[in-house]
Amino acid sequence: MPTPPTLDHPTFAIVRAEFGDARLRGTEFRGQSTLIVEPGDLHRVMRFLRDDERCAYDFLSDVIGIDYLGYPAPTPGRFAVVYNLCSYPRDDRFFVKVFLDPSLPTDGVEEDPALYLDSVTDIWPGAEWPEREVFDMFGIRFRNHPDLRRILTWKDYPAHPLRKDYPLRGRGERERYRVVDRTDA
Amino acid sequence: MPYTLTPPDPFDIDAESTEYLEGRVDTGDRWVLNFGPQHPATHTTLRLVLELDGERVARCTPHIGYLHSGFEKLGEHLDYNQYVTIVSRMNYLSPIANDICWHHAVETVFDVEITPRCKAVRTIMAELARIQDHLLCVGAAALDLGAITGFLYAFNPREKIYDICDLISGQRFHPDWTRVGGAMMDLPDEDLFTRMVTDFIREDLPRALKDLESLVLRNKIFYDRTVGVGAISREDAVAWSLSGPVARASGVRRDLRKDEPYLCYADNWDGQGAEAVSFKVPIAEAGDVYARFQVRLEEIRQSVSIIEQLIDRIPSGPMNAFTDSKVTRPPKSEVYSSIEGLIQHFELIMTNRGWEAPVAEGYGANETANGELGYYVVADGSPRAWRVKTRPPSFINYQTISTMLEGHMLPDVVAVLGSLNIVAAELDR
């Protein structure tokens with residue numbers, strides 16, 4: 001049985017004191033601390049993390065989507081989005097994580113009202129393309145995103161390919177893709 | 001026939017949904033130019049839809065994904081050693097830097113401390129990769145702006161780096177050299193390795209750098225075409241998540257080698273109190289295309305000084321960490337001559353065995369030539385990662401191109417593209 005993580009990163013205490021009403025959890029692994037917030041609290045926590053000078057996370061390094069379908073350890077939700085934050089003034093790295101559960105079957109591309117998060121592009125404009133990638137790969141949409149389109153696959157791609165229920169070799173998109181020949185080009 | 005002005009649905013772009021240029025005066029003379037996906041100045045395959053006002057870029061919509069080949073999906077199906085062959089193909093200008101970064105992230109999650117010898121050789125190779133990348137970037141920038149000589153002078157010395165990769169791994173282009181806890185093998189001939197590296201950094205490279213600087217940076221035409229072009233302020237660079245030489249050219253003081261030190265950039269890297277390698281992080285203030293190339297050339301010099309500090313004192317000892325543990329592959333001599341070595345080899349090679357990874361996730365990042373390259377590894381206890389997310393510096397840097405190009409002339413597009421050093425294989429993965 002692994003020892004429970006020690007949550008001694010100073011940001012935990014600051015965020016707890018500021019958001020007493022929010023449901024916050026934390027994890028720590030190999031010196032990397034992750035704050036787990038509820039989807040509804042995400043945007044205000046993120047804004048606080050950038051604006052408060054004790055936190056000052058002014059650099060969003062990356063936005064990471066994860067699908068935990070069938071993961072060996074229990075997780076609070078099927079999908080997770082992890083925000084990788086850096087503070088240049090304090091030279092610190094911190095992770096914020098949100099869990100989401102789908103309300104529709106996940107093998108298609110229907111818009112799922114449960115898979116929505118508030119975009120952080122108004123806090124860090126650099127979140128624009130990473131969030132588009134999360135949308136493209138996992139079908140998690142972002143409210144108030146300036147330009148939420150697919151980025152790596154094409155517009156009509158019939159799936160979100162990094163979901164765990166999408167097979168490695170695809171569902172035959174390459175074989176069945178419409179071919180344009182000279183007669184109708 | 002010229003392009004139709006304001007066609008109803010030009011090239012089925014969704015440029016209209018982007019609001020990069022709110023408030024810009026529309027003179028009604030706009031036309032749309034499709035740049036790429038196949039174009040010599042895009043280097044690989046990427047597409048820009050440029051909405052032009054005369055010859056001025058009013059709006060630029062990048063479209064990427066032409067080279068998307070599901071690297072991260074593959075990462076969930078290949079084990080921690082196999083996936084190195086895939087990451088190597090991301091930034092193919094400096095493939096070995098990807099290898100080193102990938103296994104740095106895996107070793108962070110596994111909590112493996114690699115040996116001093118491995119750290120020193122990895123640092124040397126990482127710096128050679130930086131030189132390799134910057135040489136091509138600066139040379140190709142000259143090529144894009146119409147000067148082929150600089151490109152040739154920069155390209156020649158890269159061949160020597162390929163020779164060194166060939167020596168240590170048996171492959172020139174994609175070495176796939178690192179393994180969990182070490183490397184695929186020890187240096188086959190340390191004297192030869194040292195001699196090749198020193199010959200390169202003392203003879204070939206200084207000459208090439210001198211030529212390159214006078215051919216490119218001191219070239220009046222190059223100067224006129226790059227100074228003040230594509231400038232981005234320090235605040236914007238941080239807000240837009242820029243990293244690497246592009247950010248440092250805007251005055252961002254950030255280099256992971258200093259700020260989150262790893263390998264020989266950290267103090268006490270050999271466990272006996274060795275000091276971190278000393279080098280300076282070049283910073284420019286202008287933030288324009290010219291400053292980015294200045295920073296890159298200066299970084300090559302700093303890389304040379306790092307290699308000079310290490311090349312004559314590569315520690316002896318094993319290359320792979322903990323040869324009696326279950327993490328690294330034993331040397332071939334042990335596999336063929338002892339039963340323990342054979343067992344351990346098969347424990348890692350057979351598909352139903354392998355590592356006992358923790359059920360946890362972690363992030364490891366290196367400062368590569370283009371900026372912060374990182375891997376977020378979600379491990380599930382099996383020999384294959386559950387999820388591998390790359391933080392590709394090209395991808396993050398490239399999203400600023402629309403803002404950088406606003407209001408610039410059409411020929412500046414090529415200059416800005418070259419200065420960001422976009423590698424489409426890393427962009428699309």
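Here is the naming used below: chain letters follow the sequence lines, and residue numbers restart at 1 for every chain.
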Among [options], which has the most heavy-atom pairs under 4.5 Å with chain A?
options: B/E260, B/R429, B/R391; result: B/R391
options: B/T108, B/T390, B/I396, B/L427; result: B/T108
options: B/Y376, B/Y66, B/Y398, B/Y363; result: B/Y363
options: B/V359, B/V252, B/L74, B/L67; result: B/V359
options: B/T400, B/V378, B/V109; result: B/V109
options: B/G65, B/P392, B/A360, B/A239; result: B/A239

Answer yes if the side chains of B/S394 and B/E426 hold a donor-acceptor pair under 3.5 Å, and no otherwise. yes

With a 4.5 angstrom heavy-atom cut-off, which part of B/E76 approaches chain A: side chain, backbone, both or neither? side chain

So, the part of B/A247 with a heavy atom under 4.5 Å from chain A: the answer is neither

Can you tell which part of [X] gets under 4.5 Å to a heavy atom of chain B, answering side chain, backbone, both or neither?
X: A/F95; value: side chain
X: A/R169; value: neither
X: A/V82; value: side chain
X: A/P161; value: backbone
X: A/P167; value: backbone

Tell me, out of [options], who's got the most heavy-atom pairs with chain B below 4.5 Å.
options: A/Y71, A/F59, A/W124; value: A/Y71
options: A/R50, A/R150, A/K97; value: A/K97
options: A/Q32, A/K164, A/M137; value: A/K164
options: A/S61, A/A73, A/G31; value: A/S61
options: A/A127, A/P130, A/G170, A/C86; value: A/P130

Quick check on the 6.0 Å ring-centre criterion: do [X] and [Y] meet it?
X: A/F138; Y: A/F135; value: no
X: A/H160; Y: A/Y166; value: no
X: A/Y83; Y: A/Y57; value: no

For the pair [X] (side chain) and [Y] (backbone), establish whether a donor and an acceptor sit closer than 3.5 Å, ignoring hydrogens and angles.
X: B/E367; Y: B/D255; value: no
X: A/D118; Y: A/R143; value: no
X: A/N84; Y: A/D62; value: no

Output yes when B/R387 and B/E72 qualify as a salt bridge under the 4.0 Å nitrogen-oxygen rule, no when they do not. yes

Could you tell me whether A/R90 and A/D92 make a salt bridge, using a distance below 4.0 angstrom between a side-chain N and a carboxylate O? yes

Considering residues, nucleotides and ligands other than A/R44, do more than 12 of their heavy atoms fall under 6.0 Å from its CZ? yes

Distance check, rounded to the nearest 0.5 Å: A/T11 atom OG1 versus A/L85 atom CG? 9.5 Å

